[in-house]
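Every number for a ligand or one of its atoms is a count from 1 in the order of the listing. Residue numbers count from 1 along this sequence.
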Amino acid sequence: MKKFDYIILGFGQGGKVFAKEEAQNGKKIAVVEKNALYGGTCINVGCIPSKVIALDSQHKLDFKDSIKRKNEVVAALKNKNYKNLDIEENITIFDNKAEFKSNNEINLLDDKGKLVDTIVGDKIIINTGASPIIPNADGLKQSKYVYDSTGIMNLDSLPKHLVIIGGGYISLEFASTFANFGAKVTVIEKADSLMLREDKEIVSHILEDLKKKNINFLTAREVESVEDDENSAYVRTNKETLETDAILVAIGRKPNTDLALENTDVELGERGEIKTNEFLETTAENVYALGDVKGGLQFTYVSKNDRFILRDAIYGKKQFSLKDRKSVPYTVFIDPPLSRVGLTAKEAKEKGFDILEKSLLVSAIPRHKIDDDHRGLFKIVVNKENNTLIGASLYGRKSEEIINTLKLIIDYKIPIEDIKTNMFTHPTMTESLNDLFNIS
Ligand SMILES: Cc1cc2nc3c(=O)[nH]c(=O)nc-3n(C[C@H](O)[C@H](O)[C@H](O)COP(=O)(O)OP(=O)(O)OC[C@H]3O[C@@H](n4cnc5c(N)ncnc54)[C@H](O)[C@@H]3O)c2cc1C
């Protein structure tokens with residue numbers, strides 16, 4: 001049996017970087033990938049392709065041309081990712097499905113599920129990501145008009161009417177993109193309202209802008225059934241029937257744990273995630289998990305950051321753990337984007353903070369004239385007690401960049417006064433921080 005120091009299950013975000021770094025440290029590593037998704041979800045079917053088409057839709061590129069460009073970008077990155085590991089003498093890439101035979105043995109299966117080999121690892125790292133959840137509505141799985149986020153980015157032509165089941169962040173990104181390309185979009189959401197975790201005033205700006213793009217939001221709806229005829233599908237909810245030529249299912253993603261875990265001591269958590277402690281150690285000795293599969297926030301940078309915890313745990317240092325993780329920002333790449341870090345005012349009050357709030361319309365920032373885009377609202381939440389930032393919600397152009405600066409301001413408790421008087425380049429969206437932080 002071939003032996004390795006580490007076997008990494010899945011060519012995911014954290015695992016691939018960890019593999020490269022550790023191979024250069026002299027470790028023998030196996031990376032097992034079942035779908036030829038070299039570079040994982042993000043590069044092949046997630047962040048990168050969805051942002052290519054999002055940007056193209058804003059530039060009013062033709063849908064077909066955008067899908068072609070997206071395919072070229074993905075192919076180039078996939079190839080680069082493969083080579084980046086393959087070039088290392090210490091790394092062996094296996095194109096197989098991985099399943100546990102025991103806590104330290106991995107069965108390699110071919111695409112028909114046939115066992116082709118078994119490999120042994122001193123340490124096993126589970127980095128298998130997550131996959132879309134498909135609901136159980138009658139006829140949904142059988143409909144030829146139904147797509148997940150991967151399928152919808154491979155369409156040959158723009159649908160006339162896209163119905164999206166689920167009103168979460170991936171759903172809203174696709175709604176914004178497809179509407180920008182010119183499709184009519186209907187979003188069906190189970191809850192009474194959308195973006196429940198976000199600041200209400202910001203949400204009302206977002207929904208107003210999205211509605212102007214020909215996106216219709218139907219809340220408090222359950223999808224009951226889907227029926228096809230030759231040219232259309234009919235989505236029946238508890239309140240109406242919608243005719244559509246494409247249905248995107250985007251109700252969330254579940255951890256990929258189809259790994260024959262019954263042959264191990266690895267346990268699952270309440271939401272089907274691989275259970276780990278704060279050092280990413282699973283309940284089986286020498287088996288670790290990182291990225292989406294371990295539950296929590298599903299972002300590329302979370303998985304990549306997990307590898308620092310993993311390395312510390314493996315080398316016995318344990319100086320960095322999930323508990324030491326500072327604020328985690330995120331961006332919803334609608335047009336314009338919403339970016340968020342820390343608490344909203346409502347959350348801060350619920351936690352007992354005495355706060356100050358400040359908001360600034362994007363239309364008050366000089367840069368908006370150059371961009372010819374007045375949409376958006378920036379808001380910050382300050383802890384009155386020590387005059388430090390505890391939250392920010394930025395809806396507007398370039399927020400996906402600025403939010404990373406705000407994360408640093410929160411994490412390193414930079415006084416509000418310092419940002420108010422700091423020098424920023426002009427004309428930029430970031431210089432708006434002078435006004436936004438002019439709060440006391
Ligand atoms: C449409 C979409 C848009 C997104 N946009 C963003 C964004 O803008 N920013 C952001 O940060 N995140 C975004 N994400 C989320 C991001 O892609 C994930 O959080 C990230 O890829 C998770 O990385 P990971 O390391 O957990 O594993 P992944 O990158 O998911 O990789 C896991 C790999 O394991 C493989 N695998 C699974 N099971 C097995 C098995 N049994 N044997 C062998 N291999 C296996 C899979 O094929 C996959 O290649 C988006 C996701 C989607 C779907």
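Crowding of Lys51 atom NZ: a count of heavy atoms from other residues, nucleotides or ligands under 6.0 Å exceeding 12. By the neighbour-count criterion of 12 heavy atoms within 6.0 Å, atom CD of Glu270 is sparsely surrounded, having that number or fewer from other residues, nucleotides or ligands.
Close approach of ligand 1 to Gly14 is summarised as follows: ligand atoms under 4.0 Å from at least one heavy atom of the residue are 25 (O). Atoms of ligand 1 found under 4.0 Å from any heavy atom of Gly291 (numbered from 1 in listed order, with element): 26 (O). Residue contact check: Phe333 has heavy atoms under 4.0 Å from atoms 8 (O) of ligand 1. Contact atoms of ligand 1 toward Phe299: 10 (C), 11 (O), 12 (N), 19 (O) (distance under 4.0 Å to a heavy atom of the residue). Those atoms of ligand 1 that come under 4.0 Å of a heavy atom in Tyr301, given as number and element, are 11 (O). Taking every non-hydrogen atom of Gly129 and a distance limit under 4.0 Å, the qualifying atoms of ligand 1 come out as 26 (O), 27 (O), 30 (O), 32 (C). Residue-ligand proximity, Cys42 to ligand 1, at heavy-atom distances under 4.0 Å covers atoms 17 (O), 21 (O). Atoms of ligand 1 found under 4.0 Å from any heavy atom of Leu259 (numbered from 1 in listed order, with element): 41 (N).
Look at Glu227 and Arg236 and you find no salt bridge, because none of the NZ, NE, NH1 or NH2 atoms lies under 4.0 Å from a carboxylate O. With salt bridges taken as basic N to acidic carboxylate O contacts below 4.0 Å, none links Lys213 and Asp209. By the 4.0 Å N-to-carboxylate-O rule, Lys112 lies too far from Asp110 to be salt-bridged with it. With respect to the salt-bridge test (charged N to carboxylate O, under 4.0 angstrom), the residues Glu431 and Arg367 do not qualify. Salt bridge status for Asp5 with Lys28: absent, with no side-chain N to carboxylate O gap under 4.0 Å. Of the charged side-chain nitrogens involved, at least one lies within less than 4.0 Å of a carboxylate oxygen, so that Glu72 and Lys68 count as a salt-bridged pair.
On a distance-only criterion, Ser303 and ligand 1 share at least one N/O pair closer than 3.5 Å. Geometrically, ligand 1 and Lys97 share no nitrogen or oxygen pair separated by less than 3.5 Å.
Selection from Lys34, Glu33, Met153, Glu173 by nearest heavy atom to atom 47 (O) of ligand 1 gives Glu33. In the candidate list Val302, Asp306, Asp292, Val45, Asp292 is nearest to atom 19 (O) of ligand 1, counting heavy atoms.
Taking the six-membered ring for Trp and thresholds of 30 and 60 degrees, Phe178 and Phe174 have ring planes inclined between 30 and 60 degrees apart.
Lys317 pairs by the salt bridge (Lys or Arg N to Asp or Glu O under 4.0 Å) definition with nothing, not counting sequence neighbours.
If you look at Thr331 next to ligand 1, there are no close heavy atoms at all, none under 4.0 Å.
Of the protein's non-hydrogen atoms, the one nearest atom 3 (C) of ligand 1 is Gly46 C, 3.5 Å.
The shell of residues lying under 4.0 angstrom from ligand 1, judged by heavy atoms, excludes Lys304. In this structure, Leu9 does not count as a contact residue of ligand 1, since none of its heavy atoms falls inside 4.0 Å of the ligand. Close to ligand 1: Lys51, with a non-hydrogen atom less than 4.0 angstrom away.
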